[in-house]
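Reckoned from all heavy atoms, side chains included, excluding hydrogens, waters and symmetry mates.
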Amino acid sequence: MAIEARDPISVAGVVSQLRPRSEIIITERNAETAPQVVVVVVDTVDEEALKTLRRIQRTTSCRTLLVTSGIDEQKLLSAVECGIGGVIRRADATPEHLVKVIARVAQGDGHLPPDLLGRLLDEVGRLQNQVLIPRGLHFTGLTERETDVLRLVAEGYDTVEISAKLGYSERTIKNDVQTVMTRLQLRNRAHAVAYAVRQGLI
């Protein structure tokens with residue numbers, strides 16, 4: 001793992017906590033072997049912190065663990081969009097807890113304190129109700145009709161049959177299929193079936 005912070009005291013603090021732990025190997029970000037996890041230590045999640053998270057997401061394959069004093073719902077959602085694998089409050093960042101969460105994040109799991117998880121779910125629900133649903137969208141990025149079309153494609157129906165079932169013209173159905181395939185970067189109908197299964201549409 002590697003550590004990134006704005007001040008050397010934060011870096012030194014995390015290093016001193018983790019150096020005695022044999023489960024953790026501390027490396028530099030620019031080391032030949034990329035670390036699995038980058039621990040990003042910030043006081044608050046401001047725009048500079050989000051830029052750091054985006055840069056790590058864009059330029060490496062590392063997972064990120066955010067250690068912060070405080071974070072509100074909006075910043076938490078922004079941090080999640082930056083691909084973080086977990087959040088720990090600084091007050092909870094004991095060596096034992098850090099090691100446990102770093103291991104979980106390295107394995108591809110996530111970690112949020114329970115109250116933050118509840119707030120994140122509330123924020124996601126608010127976004128769905130206030131932003132997506134009024135525009136006819138879902139978290140899959142599909143409209144209700146596009147979801148119906150994709151589900152019927154996955155069930156093996158052709159364009160004529162889908163048109164009859166949903167009550168839209170064949171041209172509309174063809175356009176929907178093409179739009180969905182382009183937006184979701186699906187190569188063919190078989191790929192669309194795989195996507196529908198993964199998303200729980202069928």
Side-chain angles (χ1 to χ4, degrees), residues 34 36-38 40 45-66 71-87 104-112 116-202:
Q36 286 182 286
V37 177
V38 178
V40 178
V45 182
D46 54 16
E47 194 51 45
E48 187 177 342
L50 293 174
K51 281 181 184 174
T52 298
L53 295 172
R54 287 188 199 104
R55 174 174 47 76
I56 294 169
Q57 181 187 38
R58 192 176 60 250
T59 60
T60 75
S61 59
C62 306
R63 302 203 74 218
T64 48
L65 172 60
L66 182 63
I71 185 168
D72 63 23
E73 290 86 348
Q74 283 295 324
K75 294 300 185 188
L76 177 59
L77 201 57
S78 297
V80 168
E81 289 171 350
C82 295
I84 60 167
V87 175
R104 290 185 62 185
V105 170
Q107 291 166 2
D109 295 333
H111 173 81
L112 283 177
L116 285 185
L117 180 59
R119 283 156 58 187
L120 178 62
L121 292 173
D122 287 344
E123 187 66 15
V124 167
R126 186 192 67 76
L127 277 174
Q128 182 170 356
N129 291 328
Q130 295 180 13
V131 179
L132 297 180
I133 289 175
R135 291 170 173 77
L137 296 171
H138 303 277
F139 274 108
T140 58
L142 302 173
T143 66
E144 189 171 341
R145 187 175 77 207
E146 288 170 343
T147 300
D148 290 339
V149 169
L150 189 56
R151 187 182 301 115
L152 291 171
V153 166
E155 290 174 8
Y157 292 100
D158 63 21
T159 303
V160 175
E161 292 169 321
I162 295 172
S163 169
K165 276 186 169 293
L166 297 182
Y168 295 101
S169 70
E170 290 179 40
R171 180 175 183 154
T172 297
I173 299 303
K174 284 179 182 175
N175 286 342
D176 283 341
V177 171
Q178 188 58 48
T179 299
V180 168
M181 294 238 190
T182 301
R183 187 188 314 140
L184 301 177
Q185 300 179 339
L186 303 172
R187 294 183 297 277
N188 49 44
R189 287 190 171 221
H191 196 186
V193 170
Y195 176 85
V197 169
R198 281 197 308 274
Q199 295 297 318
L201 300 178
I202 59 172

Heavy-atom donor-acceptor pair, Ser163 side chain to Thr159 backbone, under 3.5 Å: no
Residues that Thr179 engages under side chain to side chain donor-acceptor pair (under 3.5 Å), provided they are two or more places apart: none
Atom pair CG (Leu50) and NZ (Lys75), whose distance is rounded to the nearest 0.5 Å: 5.5 Å
Within-4.5 Å side-chain heavy-atom neighbours: Ile56 and Val40: yes
OG on Ser61 to CD on Gln36, rounded to 0.5 Å: 9.0 Å
Val149 side chain near Val180 side chain, heavy-atom distance below 4.5 Å: no
Distance in Å, Asp46 CG paired with Lys51 NZ, rounded so as to fall on 0.5 Å steps: 9.5 Å
Arg151 bridged to Asp148 by N-O distance under 4.0 Å: yes
Minimum heavy-atom distance Val105-Gly85, with the two atoms named: CG2-O, 3.6 Å
Glu47, CD: over 12 other non-hydrogen atoms inside 6.0 angstrom: yes
Ile173 side chain near Leu152 side chain, heavy-atom distance below 4.5 Å: no
Inter-residue atom distance Leu150.CG - Glu146.CD, 0.5 Å rounding: 9.0 Å
pair Asp176-Ile162: side-chain heavy atoms closer than 4.5 Å: no
Under 3.5 Å: donor-acceptor pair, side chain of Gln178, backbone of Asn175: no
Backbone N/O of Gly110 and side chain of Arg63: donor-acceptor pair under 3.5 Å: no
